[in-house]
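Below: the structure, in structure tokens.
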Amino acid sequence: MLEILEDNWLLFLIGQYPHGPVGGLAMTLFLAVAGLSLSFPVAIALALARLSPRRWLRGPATAVVYVVRGLPLIMFIFWTYFALPLLTGHAVGGVETLLFALVIYEASYLSEIIRAGIEGLPKGQAEAAKALGLGYFPTTFKVILPQVLHNMMPSLVSQFVSTIKETSLGYVISANEVTFAASQVNNQLMTQPFEVYGLLALTYFTLCFTLTSAARWLERRLAAERGGLGAQPA
Amino acid sequence: MIRFEAVEKWFGQHQVLAGVTGEVKRGEVVTLLGSSGSGKSTLIRTVTRLEGIQGGQVLFEGVDVAGRGVDINRLRQRVGFVFQAFNLFPHLSALGNITLGLERLRKMRKAAARERAMTELDRVGLADKADALPSRLSGGQRQRVAIARALAMDPDVMLFDEPTSALDPEMVNEVLRVMRTLAQNGMTMVVVTHEIGFAREVADTVWFLDKGQIVESGPPAEVLDDPRHDRLRSFLSRAR
Ligand SMILES: Nc1ncnc2c1ncn2[C@@H]1O[C@H](COP(=O)(O)OP(=O)(O)OP(=O)(O)O)[C@@H](O)[C@H]1O
Ligand SMILES: [Mg+2]
């Protein structure tokens, strides 16, 4: 196992770079970070639309969220894979395809977290903003969302962990991430699949476990903040 | 300044305001008494349409607050509201709670807003807590910041919904002191409170709300010392 690592660690970490495209773990992390960051504004828009009193905003947003949440990610990846070239008129690489699918998928999940966060805030917050004379946008973006995002830090880290794992599906459309790198190594060696995929598992586990622990720590800190001095009567 | 005319409010089948009529004049301090559930909060919340009404009218300076062409956010800037639960924005410092409205609504620059907010904090005796988050303040201090936040908008009238009910007894006075000063400086105020002492000392007029109607109204000496209704009499004996 150590030998495999010695010979291939660079491939695992950064793919063929600098002789080819960036790949491996670097690409996995890039995809997860970019996927989540890009999905964020979309998620906020979806959440706000879902809470809107206007039917023509609420209806479509709700439909999108329900449809996406009712389908496996791999389906989106296939759809995007076949649909994007048709829509844009030229070939789209695996990484771009995966990123696009991830953004839509993550946005739906994040939007539900954000919506729950908004609904979970004490009613007095929106009311105090209203009473001051603040309109919808300053109330939403200066009063409500900053609190919601702060409270949802742990969920956000958890979502990041899921996203990291989901990027592995990029393998099926040859997006150059760490699972793809591992399969390349495996194809070269041919005889040591357990060792190769053991290494891959260890990589994912270390990363995700660290992040999950961080999420738990954040959660405890927030709980202390709320339960202790932070508590304000609702 | 504020006129309630036969105001009716229903929550579903339940009538909370059953024809409230009354007037708050400029510079007047009205305290609103009534047992729990009598509709006190609901009544003052109708002034800036935090609650809508189903019958009658609420007039602010002669204008129906529900009328077409009323810019409700502008109206709300002219009417300060102080909540029982303070409702400070927990992610903003004491100062930030106050500058938010100044910057967003008064379009003040950061420095000017800061200066104005400091003046208001100083007025409630909390200039040294400007940078503290609400979670670092005591209940009494939080409520004083909430009052400063409302005052910073230069309101024509201040509405208080049981501002001291959520406070430990030793913090009640620091808040009442601020309110008393405000009243002495001529602010028009409507105060929902159970502090009979405060009503007696500060109010020009006391309203007693019962079953959605103002059943007694007059100067504190009259209403508090010589109540005509049994309900008020028993309310007062419980409040003491
Ligand atoms: N949003 C609401 N939906 C349904 N009923 C409500 C709502 N708000 C208030 N009520 C009801 O209206 C009545 C009057 O409420 P209100 O809060 O005005 O009373 P109050 O006099 O302020 O009482 P308290 O002293 O307890 O604050 C109560 O019976 C209450 O249950
Ligand atoms: Mg009340």
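Convention: sequence-line order gives letters A, B, ...; per-chain numbering from 1.
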Neighbour count >12 (heavy atoms, 6.0 Å) for atom OH, A:Tyr204: yes
Short side-chain to backbone donor-acceptor contact, B:His91 and A:Lys142, under 3.5 Å: yes
Over 12 foreign heavy atoms within 6.0 Å of CE, B:Met171: yes
Contacts of type ring pair (Phe, Tyr, Trp, His ring centres under 6.0 Å), residue A:Phe209, not counting sequence neighbours: A:Phe205
Over 12 foreign heavy atoms within 6.0 Å of CZ, A:Phe137: no
Flag if over 12 foreign heavy atoms under 6.0 Å of OH, A:Tyr81: no
Atom pair NZ (A:Lys123) and CG (B:Asn87), whose distance is rounded to the nearest 0.5 Å: 10.5 Å
Residue-level interface, residues 23-42 of chain B with chain A, non-hydrogen cut-off under 4.5 Å: none
Nearest atoms (heavy-atom pairs only) where B:Phe89 meets A:Ala128: CE2-CB, 3.9 Å
Proximal to chain A - members of residues 71-83 of chain B, heavy-atom separation under 4.5 Å: B:Asn73, B:Arg76, B:Gln77, B:Val79, B:Phe81, B:Phe83
Part of residues 43-63 of chain B lying next to chain A, heavy-atom separation under 4.5 Å: B:Arg45, B:Leu50
A:Phe40 atom CZ, over 12 foreign heavy atoms within 6.0 Å: yes
